Amino acid sequence: MSNLLFIFTEVGENVTDTVNLVAIILLAVLIVLAVVFSIKNKMRTQEIAYAGIAIAASFVLSYVKFSPVEHGGSVTLASFVPIILYSFVFGFSRGLIAGFIYGVLQFIQSPYILTPATFLLDYLLPFAMICLAPLSKKVCKNQDLQVVLSATFVYFARFIMHFLSGIIFFEMGSVWAKLPATTSVTYSLLYQTVYLVPDFVICAVCLFLLSRAHVIEKLFPKKLNENA
């Protein structure tokens with residue numbers, strides 16, 4: 001057990017390169033699994049097309065970004081909006097697959113990790129939390145509020161994952177952002193807050209405006225009617 005833990009948290013020069021290769025392989029495996037899932041669950045061509053478009057749109061939007069602090073996380077141009085909408089409309093399982101694929105793409109876009117644990121906590125698991133978007137439908141009936149709650153659930157879960165990863169970074173001395181914090185908990189809390197909170201606000205506002213303008217109904221008329 002101790003050996004497994006050591007491998008999971010080990011820091012080495014080749015860790016990022018190794019996991020980068022694994023990520024590419026994992027992406028290929030996820031795409032294959034997505035195809036198998038779509039066939040087994042009789043996903044319509046339209047649903048698969050929406051998934052591809054949502055992932056691609058989110059990926060492109062993630063390139064438009066800025067960092068509130070030096071060497072800190074990035075605030076993007078509502079990059080989570082397309083994939084949250086996809087998960088919101090098409091459900092948990094489809095959102096989970098789309099989130100995993102998007103997480104691997106994010107790692108390939110900017111491949112840096114400290115340990116295999118931070119790969120899971122910074123890429124795979126946080127973006128997989130997109131699957132939580134449909135939970136808002138169980139809380140209320142108003143779509144405007146639903147999409148805002150979807151963003152809230154997704155970002156809160158994502159915050160927790162990044163928060164745990166930030167603690168690992170601090171404890172191992174890999175701290176670059178200049179923040180007034182002396183402990184791993186306070187550092188990670190501040191670090192995640194300065195970029196995730198504004199990113200969440202942008203995403204939630206965009207989702208609310210899209211819902212108010214009835215854009216969601218225009219994009220997914222048949223699917224929303226099925227779920228009504």
Side-chain angles (χ1 to χ4, degrees), residues 30 34 37-38 40-65 73-103 105-106 123-163 192-193 195-228:
L30 284 172
F37 176 85
S38 65
K40 184 177 179 181
N41 291 274
K42 299 180 180 179
M43 282 182 67
R44 300 169 183 170
T45 303
Q46 187 183 47
E47 292 178 348
I48 299 172
Y50 275 128
I53 293 171
I55 293 170
S58 288
F59 191 62
V60 170
L61 289 172
S62 71
Y63 276 93
V64 184
K65 58 188 177 182
S74 299
V75 179
T76 66
L77 185 61
S79 61
F80 260 43
V81 168
I83 46 179
I84 285 180
L85 277 181
Y86 177 77
S87 181
F88 175 78
V89 173
F90 291 99
F92 177 88
S93 58
R94 290 160 175 76
L96 183 64
I97 293 175
F100 271 130
I101 293 175
Y102 183 64
L105 287 174
Q106 283 294 302
Y123 296 99
L124 283 189
L125 295 180
F127 296 103
M129 294 302 101
I130 293 162
C131 69
L132 299 179
L135 291 180
S136 63
K137 297 177 182 178
K138 300 182 180 296
V139 178
C140 64
K141 299 296 183 181
N142 183 279
Q143 183 178 275
D144 296 344
L145 182 57
Q146 283 178 348
V147 293
V148 173
L149 284 176
S150 291
T152 304
F153 294 153
V154 170
Y155 271 86
F156 179 76
R158 180 186 173 189
F159 184 95
I160 296 299
M161 301 302 171
H162 288 314
F163 173 71
Q192 313 312 330
T193 299
Y195 76 96
L196 277 179
V197 170
D199 201 63
F200 158 71
V201 171
I202 293 171
C203 179
V205 169
C206 287
L207 286 170
F208 177 79
L209 293 176
L210 288 173
S211 179
R212 290 292 290 176
H214 305 290
V215 173
I216 300 176
E217 289 92 330
K218 294 175 183 177
L219 288 174
F220 312 101
K222 294 182 180 179
K223 190 64 182 178
L224 289 177
N225 288 335
E226 290 176 7
N227 295 335

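All values derive from a computational prediction rather than experimental measurement. No hydrogens, no waters, no symmetry mates; every other heavy atom, side chains included, goes into these values.
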Just how far is it from atom [atom1] of [X] to atom [atom2] of [Y], taken to the nearest 0.5 Å?
{"X": "T152", "Y": "L135", "atom1": "OG1", "atom2": "CG", "value": "12.0 Å"}
{"X": "L149", "Y": "F88", "atom1": "CG", "atom2": "CZ", "value": "9.5 Å"}
{"X": "F100", "Y": "C131", "atom1": "CZ", "atom2": "SG", "value": "8.0 Å"}
{"X": "L85", "Y": "C203", "atom1": "CG", "atom2": "SG", "value": "8.0 Å"}
{"X": "Y86", "Y": "S58", "atom1": "OH", "atom2": "OG", "value": "12.0 Å"}
{"X": "Q146", "Y": "K141", "atom1": "CD", "atom2": "NZ", "value": "8.0 Å"}

Nearest heavy-atom pair of [X] and [Y]: which atoms, and what distance?
{"X": "Q106", "Y": "F59", "answer": "NE2-CD1, 3.7 Å"}
{"X": "S79", "Y": "I83", "answer": "O-CG1, 4.4 Å"}
{"X": "D144", "Y": "R212", "answer": "OD2-CD, 2.8 Å"}
{"X": "A133", "Y": "V154", "answer": "N-CG2, 3.9 Å"}
{"X": "G95", "Y": "S87", "answer": "CA-OG, 3.6 Å"}
{"X": "S211", "Y": "E217", "answer": "O-OE1, 4.4 Å"}

Parallel, tilted or perpendicular: rings of [Y] and [X] (30°, 60°):
{"X": "F80", "Y": "Y102", "result": "perpendicular"}
{"X": "F159", "Y": "F163", "result": "parallel"}
{"X": "Y195", "Y": "H162", "result": "tilted"}

Using the side-chain contact (heavy atoms from CB on, under 4.5 Å) rule, take I84 and L207 through it: C-alpha gap first, then chi angles, then the decisive distance, then the call. CA-CA 9 Å; I84 285 180; L207 286 170; 3.9 Å; yes
Pairs where residues 196-216 contributes a residue and the test ring pair (Phe, Tyr, Trp, His ring centres under 6.0 Å) is met, not counting sequence neighbours: Y155-F200
Can you list everything that forms a ring pair (Phe, Tyr, Trp, His ring centres under 6.0 Å) with Y50? Sequence neighbours excluded, please.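 Partners of Y50 by the ring pair (Phe, Tyr, Trp, His ring centres under 6.0 Å) criterion, ordered by chain and then number, come out as F90, F220.
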For R158 and D199: C-alpha separation, side-chain torsions, deciding distance, then whether side-chain contact (heavy atoms from CB on, under 4.5 Å) applies. CA-CA 12 Å; R158 180 186 173 189; D199 201 63; 3.8 Å; yes
Student check: side-chain heavy atoms of V81 and L61 closer than 4.5 Å: no
Can you find a heavy atom in the side chain of L210 that is under 4.5 Å from one in the side chain of V147? no
side-chain contact (heavy atoms from CB on, under 4.5 Å) assessment of F156 paired with L132: CA-CA 10 Å; F156 179 76; L132 299 179; over 6 Å; no
Assess whether side-chain contact (heavy atoms from CB on, under 4.5 Å) is satisfied between L219 and V215, documenting all intermediate values. CA-CA 6 Å; L219 288 174; V215 173; 3.9 Å; yes
Verify the distance criterion only: is there a donor paired with an acceptor across the side chains of S136 and S150 at less than 3.5 Å? yes
